[in-house]
**Student:** 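Below is a structure I'd like to ask you about.
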Amino acid sequence: MTVRTRFAPSPTGYMHIGGMRTALFNWLYAKKHGGKFILRIDDTDQQRNVDDALAPILQAFRWLNLDWDEGPEVGGDYGPYFQSQRSDLYTAAADRLLAEGKAYRCFDTSEEVQADKEAARENGTPPAGMRRSLELSDAEIQQKLDNGDPWVMRFKVPQDRKIEIHDEIRGHVEWDAALMFDPNIMRSNGSPLYNFATVVDDAQLKITHVIRAEEHLSNTAIQVLLYEALGETVPTFAHIPFVMAPGTKKKISKRDVEKYRKSPAFKILFDLSNQVLPQIGLDEGALNPVMVEFYEQTGFLPAGLLNSLGRTGWSFDETTEFMSLDFLIENFSLGRVVKASAAFDPEKLMSYQAHWMNELSSDDRTERCTPFLQKAGLLPADPSEDDLAKVSKVVESLGDRIKVASDILTYGYFFKDNIEYDAKAFKKRVKKGNVPELLGEFRPVLAELSEWTLESIEAALQQFAESKEIGTGLLINALRIASTGSPAGPGVYDCLVIVGQETVLTRIDAAIEKATAG
RNA sequence: GGCCCCAUCGUCUAGUGGCCUAGGACUCUGGCUUUUCACGCCAGCAACACGGGUUCAAAUCCCGUUGGGGUCACCA
């Protein structure tokens, strides 16, 4: 038996981070067992623009390198892979259940059903009146049909039994069928409800392992009954805990982004968002950390996100933290999924991200940073070789200071004509004692350097400091602020070399002027 | 409320009856390194929800309590 797993997103216009984790576990399980991973689109409720609403979802999978064996764009033997195109399947299955007496037409109004359920709830009994449509004679039914009375199809729950499953993560779970209501499986307009459609689809797609969020656990009882009624093999279930929002006990949800915006647990992500999005021409509200696209657009590595997703609700052993996708494929198992729900942890994501960024060669990092400079207008769309060489130099000197690719924007001073001074640092390092004078005296030394290299500048500075009988730190710090405006960054000599002799001299002049002005 | 699921440091987790004085990671704190920042290194803070059993032995098994969550649609 080949393992077949699936993920069935609705085209909502974005890929949910929690859904991505569920998809990842499905994908991993299929890969690990040499099986197939299927993408099916649950678009029954969707109006138009399915393509537009689906695009970001497919893009998220592509970005993370999670390919699908069957589904949109790639097709497959069990298509179509859009629920909206599979209505025949649902109708046929429903008709069969009806013919076999396993389902019935329910003519009750929704008010009547509601009342039945409420009464049942109060009494703690199964809903008694609910099956009154079953009392109808064939003639009465025909009469109602002829009248055009609306009806829905209900599945007749076999009440004298228990439903038991062995969930790969929860273990043995059972329900008492006597307590269940007959579920609606087809709407009055002939379209299927989720619980029914998903069973028909999973059976027809030969899904062997249904790995999904635990919120579906209660749905499983009715689904098992449906599989049996349809004469299909019940798949193996694995209900994984859902992903909670950091700092909460609630499922992470797009509805709550405004709350997240103020939450300390989300701070690093929204700080990044606020800093980066405007610079790359995106509206601040356009993307948020609930969406996978957010991580792509702010310069995370697939490896970073994947490591984080793979480690929330799953572990390999007591010490392994850094896991590549290959490692995950090799070692993933449902048995090691944690039962309790886990909060997505932005801090930890950053630490994984930093790790994988450091694994990259300087050239790879440069390649990832360049587009951000372009989007921010700090580099032309068609950069010259000199431009690229400069980016490369900057990235190399920045080393592990770049955690996400968009961090390059923090060091925009290498690419701008006008720099902004960090006020505190300027006061502490430049506008202090005789520093402006020293800078003034050192300027001509720099101006006269015929060679502008790390070594020549360092030698000149050391000699100058010695002659003045001052520590090198004084000048070094002053030069950093004067030439970059910022207290953070690569070594000063790197900075000076990259900024360039001419610009350094101009900036020193500007700094001296600013320091002595007021 | 009924049904179902869950419960170890702030967070992610290890733990499947003795290797537990409960391990690792992130965060945080202190120190070292250092021309800034970052990295790195060292050290530290910090948890078995509670109550009963079972057992020579329980974080681990059982029962109960409490707490958290899910679900009860002509949504998915």
Side-chain angles (χ1 to χ4, degrees), chain A residues 8-10 12 42-46 83 106 110 113-114 117 120-125 150-154 167 169-171 173-176 179-181 183-195 197-198 213-221 239 241-242 244 246-247 249-251 265 268 308 311-322 335-336 338-352 354 358 398-403 407 410-411 422 425 428-429 458 461 471-481 484 486-493 495:
Chain A
S10 290
T12 51
D42 282 12
D43 60 345
T44 49
D45 240 31
Q46 231 58 30
Q83 281 193 332
C106 173
S110 49
V113 175
Q114 206 47 45
K117 287 190 177 177
R121 187 173 299 188
E122 274 174 34
N123 305 332
T125 57
W151 55 273
V152 301
M153 198 182 297
R154 285 189 188 283
D167 188 280
I169 290 155
R170 312 280 142 195
V173 184
E174 65 173 39
W175 298 267
D176 186 352
L179 266 21
M180 295 168 54
F181 304 147
N184 185 180
I185 58 175
M186 293 291 266
R187 296 187 180 91
S188 48
N189 69 4
S191 65
L193 267 333
Y194 166 76
N195 271 131
T198 208
E214 65 177 331
E215 56 195 287
H216 290 286
L217 186 55
S218 359
N219 287 152
T220 307
H239 288 92
F242 54 69
M244 300 187 296
K249 300 240 178 221
K250 297 263 200 291
K251 191 169 77 167
I268 47 171
S308 162
R311 273 292 280 109
T312 104
W314 191 80
S315 70
F316 171 65
D317 61 10
E318 47 204 339
T319 51
T320 309
E321 289 291 343
F322 301 120
R336 293 196 63 87
V338 186
K339 288 179 179 170
S341 32
F344 171 64
D345 185 349
E347 302 273 5
K348 206 137 185 192
L349 164 67
M350 284 306 306
S351 111
Y352 292 129
N358 271 102
L398 245 15
D400 53 31
R401 271 164 279 241
I402 294 182
K403 306 274 194 292
D407 280 345
T410 308
Y411 306 95
D422 179 283
K428 184 176 168 197
R429 304 296 197 184
E458 181 169 5
L461 187 139
T472 51
L474 197 62
L475 219 37
I476 281 174
N477 287 316
L479 281 170
R480 166 186 303 288
I481 307 303
T484 70
S486 165
V492 222
Y493 303 118
C495 288

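Order of the sequence lines sets the chain letters (A, B, ...), proteins ahead of strands, with each chain counted from 1.
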**Student:** What is the distance from CG of A:Asp176 to P of B:C72, rounded to the nearest Å?
**Tutor:**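 In whole Å, B:C72 P lies 19 Å from A:Asp176 CG.
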**Student:** Taking the side chain as everything from C-beta on, heavy atoms only, tell me whether A:Leu217 gets closer than 4.5 Å to A:His239.
**Tutor:**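 A side-chain contact under 4.5 Å exists here.
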**Student:** May I have the distance from A:Lys251 (atom NZ) to B:G69 (atom C1'), rounded to whole angstrom?
**Tutor:**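 Checked: the NZ to C1' distance equals 11 Å.
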**Student:** For A:Asp407 versus A:Ile402, what's the shortest heavy-atom pair and its separation?
**Tutor:** OD2-C, 3.9 Å
**Student:** Rounded to whole angstroms, how far apart are NE2 on A:His239 and C1' on B:U71?
**Tutor:**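 Distance, rounded to whole Å: 12 Å.
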**Student:** Look for any protein N or O under 3.5 Å of an N or O in nucleotides 12-16 of chain B and output each such pair with its distance, or none.
**Tutor:**
unit_1, atom_1, unit_2, atom_2, d
B:C12, OP1, A:Ala343, N, 3.0
B:C12, O2', A:Arg311, O, 2.8
B:C12, O2, A:Lys348, NZ, 2.9
B:U13, OP1, A:Gly313, N, 2.3
B:U13, O3', A:Ser315, OG, 3.2
B:A14, OP1, A:Ser315, OG, 3.0
B:A14, O2', A:Glu318, OE1, 3.3
B:G15, OP1, A:Arg336, NH1, 3.1

**Student:** Rounding to an integer number of Å, can you tell me how far A:Phe181 CZ sits from B:C74 C1'?
**Tutor:**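 A:Phe181 atom CZ is separated from B:C74 atom C1' by 16 Å.
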**Student:** Tabulate atom names and distances for all N/O pairs under 3.5 angstrom spanning the protein and nucleotides 65-67 of chain B.
**Tutor:**
none

**Student:** A:Arg170 has an atom CZ; how far is it from atom C1' of B:A7, in whole Å?
**Tutor:**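 Checked: the CZ to C1' distance equals 12 Å.
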**Student:** Can you measure A:Asp407 atom CG to B:C39 atom P for me and round it to whole angstrom units?
**Tutor:** 12 Å
**Student:** With both distances under 3.5 Å as the test, what is the Watson-Crick or G-U wobble partner of B:A43?
**Tutor:** B:U29
**Student:** Taking any strand in view, what nucleotide pairs with B:A49 in a Watson-Crick or G-U wobble way, both distances under 3.5 Å?
**Tutor:**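 Because both required distances fall under 3.5 Å, B:A49 counts as paired with B:U65.
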**Student:** Is there a donor in the side chain of A:Gln83 and an acceptor in the side chain of A:Asp43, or the other way round, less than 3.5 Å apart?
**Tutor:** no
**Student:** Out of the candidates A:Thr472, A:Leu461, A:Ile476, only one should pair with A:Val492 under the side chain to side chain contact (heavy atoms under 4.5 Å, CB included) rule; please name it.
**Tutor:**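 Looking at A:Thr472, A:Leu461, A:Ile476, the match for A:Val492 under the side chain to side chain contact (heavy atoms under 4.5 Å, CB included) is A:Ile476.
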**Student:** Report the base-pairing partner of B:C56 (Watson-Crick or G-U wobble, both distances below 3.5 angstrom), or none.
**Tutor:**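 Result: B:G18.
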**Student:** Hey, does A:Arg154 have a side-chain heavy atom less than 4.5 Å from the side chain of A:Val113?
**Tutor:** yes
**Student:** In whole angstroms, how far is the P atom of B:C75 from the CG atom of A:Asp42?
**Tutor:**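 Checked: the CG to P distance equals 14 Å.
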**Student:** If I take atom CZ in residue A:Arg154 and atom P in nucleotide B:C74, what distance separates them, rounded to the nearest angstrom?
**Tutor:**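 Rounded to whole Å, this separation is 6 Å.
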**Student:** What are the two closest non-hydrogen atoms of A:Ser486 and A:Ile481, and how far apart are they?
**Tutor:** O-CD1, 3.7 Å
**Student:** A:Val173 side chain: which of B:C72, B:C4, B:C6 is closest?
**Tutor:**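 Nucleotide nearest to A:Val173's side chain: B:C4.
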**Student:** Please list, pair by pair, any protein nitrogen or oxygen found under 3.5 Å from a nitrogen or oxygen in nucleotides 34-38 of chain B.
**Tutor:**
unit_1, atom_1, unit_2, atom_2, d
B:U35, O2', A:Asn477, OD1, 3.0
B:U36, O2', A:Pro487, O, 2.5
B:U36, N1, A:Arg480, NH2, 3.3
B:U36, O2, A:Arg480, NH1, 3.2
B:U36, O2, A:Pro487, O, 2.9
B:U36, O2, A:Gly489, N, 3.2
B:U36, O2, A:Gly489, O, 3.4
B:U36, N3, A:Arg480, NH2, 3.0
B:U36, N3, A:Gly489, O, 2.7
B:U36, O4, A:Gly491, N, 3.4
B:C37, O2, A:Arg401, NH1, 2.6
B:C37, O2, A:Gly489, O, 3.3
B:C37, N3, A:Arg401, NH1, 2.4
B:A38, O2', A:Lys403, NZ, 3.1
B:A38, N3, A:Asp400, OD1, 3.3

**Student:** Students often mix this up, so state it plainly: with edges at 30° and 60°, are the rings of A:Tyr194 and A:His216 parallel, tilted or perpendicular?
**Tutor:** tilted
**Student:** Assess whether a salt bridge exists between A:Glu215 and A:Lys251, defined as any Lys/Arg side-chain N lying under 4.0 Å from an Asp/Glu carboxylate O.
**Tutor:**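 A:Lys251 and A:Glu215: salt-bridged.
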**Student:** Which heavy atom of A:Pro241 sits nearest a heavy atom of A:Lys339, and at what distance?
**Tutor:** CB-O, 3.6 Å
**Student:** Considering non-hydrogen atoms only, spot the tightest contact between A:Val152 and A:Arg187 and give its length.
**Tutor:** CG1-C, 4.3 Å
